[in-house]
J.: 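Here you go, one structure.
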Amino acid sequence: AMKVKESSGGGAGAAAAAAAAARTEEELGRKALIGPDDVLGLQRVTSDYLCTPEENVYKIDFTRFKIRDMESGTVLFEITKPAASEREHNDRKDIDPNAGRFVRYQFTPAFLRLRQVGATVEFTVGDKPINNFRMIERHYFRDQLLKSFDFEFGFCIPSSKNTCEHIYEFPQLSEDLIREMILHPYETQSDSFYFVDNKLVMHNKADYSYSGGP
């Protein structure tokens, strides 16, 4: 099945982020179940993953990801990876269990001046239906929260392939902050938390360079 959906970060999600009580990574590490309000209370990027790969019992697998500038339509980044079944066939036994959970992005300084970016994700799910699939993505420069995005994927039928485009409305950054972010590659970082029925099932991380080079 193919599903295409557009949604935009902000709105109720932004209000929820503002209302969430402050939380630390250490506090969340002691919890048996981590929910959306918990991660909305985080004040900085996490140093570790808040769940294990095995907690993805729904076998959600992101197979394609594309970022485009909504104004010009220019594709800024695109990656496709083989399906899990193909990867398992080729994987060595000693592979890092966190492989595939971290992405390093390299953009030009112009990226920081974009107003609206569309992120298309294609993903497959296993043999369980998925209710209330939600992603909260929090972006930081050093210990400063730049923006918290909150997207709903909705319901996914078992054994389906799904495609959604989420629209990121970027905050306007000061010239001083832009300069700092360009001068200090990979100090801009993000946590992407994925929930099913308000339970954390996946956690991916990324860092970013805007200096136009490796």
J.: Same hydrophobic cluster for V121 and V75, using side-chain heavy-atom links shorter than 4.5 Å among ILVMFWY?
T.: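 V121 does not cluster with V75.
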J.: Please determine which of V201, I157, V125, N162 meets the side-chain contact (heavy atoms from CB on, under 4.5 Å) test together with I130.
T.: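 In the set V201, I157, V125, N162, the residue that makes a side-chain contact (heavy atoms from CB on, under 4.5 Å) with I130 is V125.
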J.: List in chain and number order the residues that pass side chain to side chain contact (heavy atoms under 4.5 Å, CB included) with E71, two or more places apart in sequence or in another chain; answer none if no residue qualifies.
T.: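 Listed in chain order: D69.
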J.: Calculate, to the nearest 0.5 Å, the distance between atoms CG and CD belonging to L112 and Q172 respectively.
T.: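 L112 atom CG to Q172 atom CD measures 12.5 Å (nearest 0.5 Å).
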J.: Drop me the distance from K59's NZ to S159's OG, to the nearest 0.5 angstrom.
T.: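 So the gap between those two atoms works out to 10.5 Å.
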J.: Applying side-chain hydrogen bond (donor to acceptor under 3.5 Å, both in side chains), name anything that partners S174, two or more places apart in sequence or on another chain.
T.: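 side-chain hydrogen bond (donor to acceptor under 3.5 Å, both in side chains) check on S174 returns nothing, list empty.
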J.: How would you list, by chain and number, every residue that makes a side-chain hydrogen bond (donor to acceptor under 3.5 Å, both in side chains) with Y49, sequence neighbours excluded?
T.: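 So Y49 forms no side-chain hydrogen bond (donor to acceptor under 3.5 Å, both in side chains) with any residue.
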J.: Could I get the full list of salt bridge (Lys or Arg N to Asp or Glu O under 4.0 Å) partners for D176, not counting sequence neighbours?
T.: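 By the salt bridge (Lys or Arg N to Asp or Glu O under 4.0 Å) rule, D176 matches R179.
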J.: Minimum heavy-atom separation for F195 and G35, please, with both atom names.
T.: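 Closest heavy-atom pair between F195 and G35: CE2-C, 3.4 Å.
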J.: More than 12 non-hydrogen atoms from neighbouring residues, nucleotides or ligands closer than 6.0 Å to CZ on R23, yes or no?
T.: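 Yes, CZ of R23 has more than 12 neighbouring heavy atoms, counting only those of other groups under 6.0 Å.
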J.: Is F107 close to L114 at the side-chain level, that is, under 4.5 Å between some pair of heavy atoms?
T.: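 Result no, sub-4.5 Å side-chain heavy-atom pair not found.
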J.: If I take atom CZ from residue F62 and atom CZ from residue R101, how far apart are they, to the nearest 0.5 angstrom?
T.: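 So the gap between those two atoms works out to 12.0 Å.
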J.: Please verify the inter-ring angle class for F153 with F133; under 30° counts as parallel, over 60° as perpendicular, anything in between as tilted.
T.: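 Correct class here is parallel.
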J.: Please step through side chain to side chain contact (heavy atoms under 4.5 Å, CB included) for the pair V196 and K128, ending with a clear verdict.
T.: CA-CA 11 Å; V196 175; K128 298 174 188 283; over 6 Å; no
J.: For E175, enumerate each residue passing the salt bridge (Lys or Arg N to Asp or Glu O under 4.0 Å) test, keeping only those at least two apart in sequence or located in another chain.
T.: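 Residues passing salt bridge (Lys or Arg N to Asp or Glu O under 4.0 Å) with E175: R113.
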J.: Less than 4.5 Å apart, side chain to side chain, heavy atoms only: is that true for P36 and N198?
T.: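 A side-chain contact under 4.5 Å exists here.
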J.: When you measure from the side chain of R104 to the backbone N and O of Y186, does any donor-acceptor pair fall under 3.5 Å?
T.: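 No, because the side chain of R104 does not come within donor-acceptor range (under 3.5 Å) of the backbone of Y186.
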J.: State plainly whether the residues K147 and E169 are in salt-bridge range, i.e. N to O under 4.0 Å.
T.: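 Looking at E169 together with K147, the answer is no, because their closest N to O distance does not fall below 4.0 Å.
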J.: Salt bridge (charged side-chain N to carboxylate O under 4.0 Å, His left out) between R64 and E78: does it pass, once the steps are laid out?
T.: CA-CA 8 Å; R64 180 169 165 264; E78 186 163 15; 3.1 Å; yes
J.: Take the angle between the ring planes of Y168 and H139 and call it parallel below 30°, perpendicular above 60°, tilted in between.
T.: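 Y168 and H139: perpendicular rings.
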J.: Start with the C-alpha gap between T188 and Y105, add the side-chain angles, then the distance that decides, and say whether side chain to side chain donor-acceptor pair (under 3.5 Å) holds.
T.: CA-CA 10 Å; T188 306; Y105 292 100; over 6 Å; no
J.: I'd like to check the salt bridge (Lys or Arg N to Asp or Glu O under 4.0 Å) partners of E187; sequence neighbours left out, ordered by chain and number.
T.: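 With sequence neighbours excluded, E187 shows a salt bridge (Lys or Arg N to Asp or Glu O under 4.0 Å) to R142, given in chain and number order.
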J.: Rounded to the nearest 0.5 Å, what separates atom CD1 in I136 from atom CZ in F149?
T.: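 It comes to 13.0 Å.
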J.: Could you list the residues that satisfy side chain to side chain contact (heavy atoms under 4.5 Å, CB included) with K31, not counting sequence neighbours?
T.: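 L28, I34, D38.
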J.: How far does CG of L50 sit from CD of E55, to the nearest 0.5 angstrom?
T.: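 Between atom CG of L50 and atom CD of E55 there are 9.5 Å.
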J.: Is the side chain of E27 donor-acceptor paired with the backbone N or O of T24 at a distance under 3.5 Å, no angle test?
T.: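 Present.
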J.: For F102, what residues pass the ring-ring contact (aromatic ring centres under 6.0 Å, His included) criterion, not counting sequence neighbours?
T.: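 Checked F102 against ring-ring contact (aromatic ring centres under 6.0 Å, His included); zero matches.
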J.: Test of understanding: with side-chain hydrogen bond (donor to acceptor under 3.5 Å, both in side chains), list the residues that count as partners of N132, not counting sequence neighbours.
T.: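 Partners of N132 under the side-chain hydrogen bond (donor to acceptor under 3.5 Å, both in side chains) test: D197.
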J.: First locate atom OG of S211, then atom NE2 of H184, and finally report the distance between them rounded to the nearest 0.5 Å.
T.: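 If we round to the nearest 0.5 Å, S211:OG and H184:NE2 are 11.5 Å apart.
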J.: How would you list, by chain and number, every residue that makes a ring-ring contact (aromatic ring centres under 6.0 Å, His included) with F170, sequence neighbours excluded?
T.: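 Testing F170 for ring-ring contact (aromatic ring centres under 6.0 Å, His included), a comparison that skips the adjacent residues, returns F111.
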J.: Hey, does F123 have a side-chain heavy atom less than 4.5 Å from the side chain of C156?
T.: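 A side-chain contact exists here, since the closest heavy-atom pair is under 4.5 Å.
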J.: Is any side-chain heavy atom of K81 less than 4.5 Å from a side-chain heavy atom of F65?
T.: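 The answer is no, as the side chains (C-beta and beyond) never meet within the 4.5 Å cut-off.
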J.: Quick one: salt bridge (Lys or Arg N to Asp or Glu O under 4.0 Å) partners of E25, sequence neighbours excluded?
T.: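 E25 satisfies salt bridge (Lys or Arg N to Asp or Glu O under 4.0 Å) with no other residue.
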J.: Please enumerate all residues that pass side-chain hydrogen bond (donor to acceptor under 3.5 Å, both in side chains) together with D191, with sequence neighbours excluded.
T.: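 T46, H203, K205.
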J.: Grab the two heavy atoms, one from K199 and one from L33, that are nearest each other, plus how far apart they are.
T.: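 The pair with the smallest heavy-atom distance is CG-CG, 4.0 Å.
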J.: Determine, stepwise, if the pair R134 / D150 fulfils side chain to side chain contact (heavy atoms under 4.5 Å, CB included).
T.: CA-CA 7 Å; R134 176 180 176 186; D150 199 330; 2.7 Å; yes
J.: Might you point out which heavy atoms bring M181 and L146 nearest each other, and give the distance in Å?
T.: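 Of all heavy-atom pairs spanning M181 and L146, the closest is CE-CD1, 3.7 Å.
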J.: Please report the closest heavy-atom contact between L42 and F193, naming both atoms and the distance.
T.: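 Looks like CD1-CZ, 3.8 Å.
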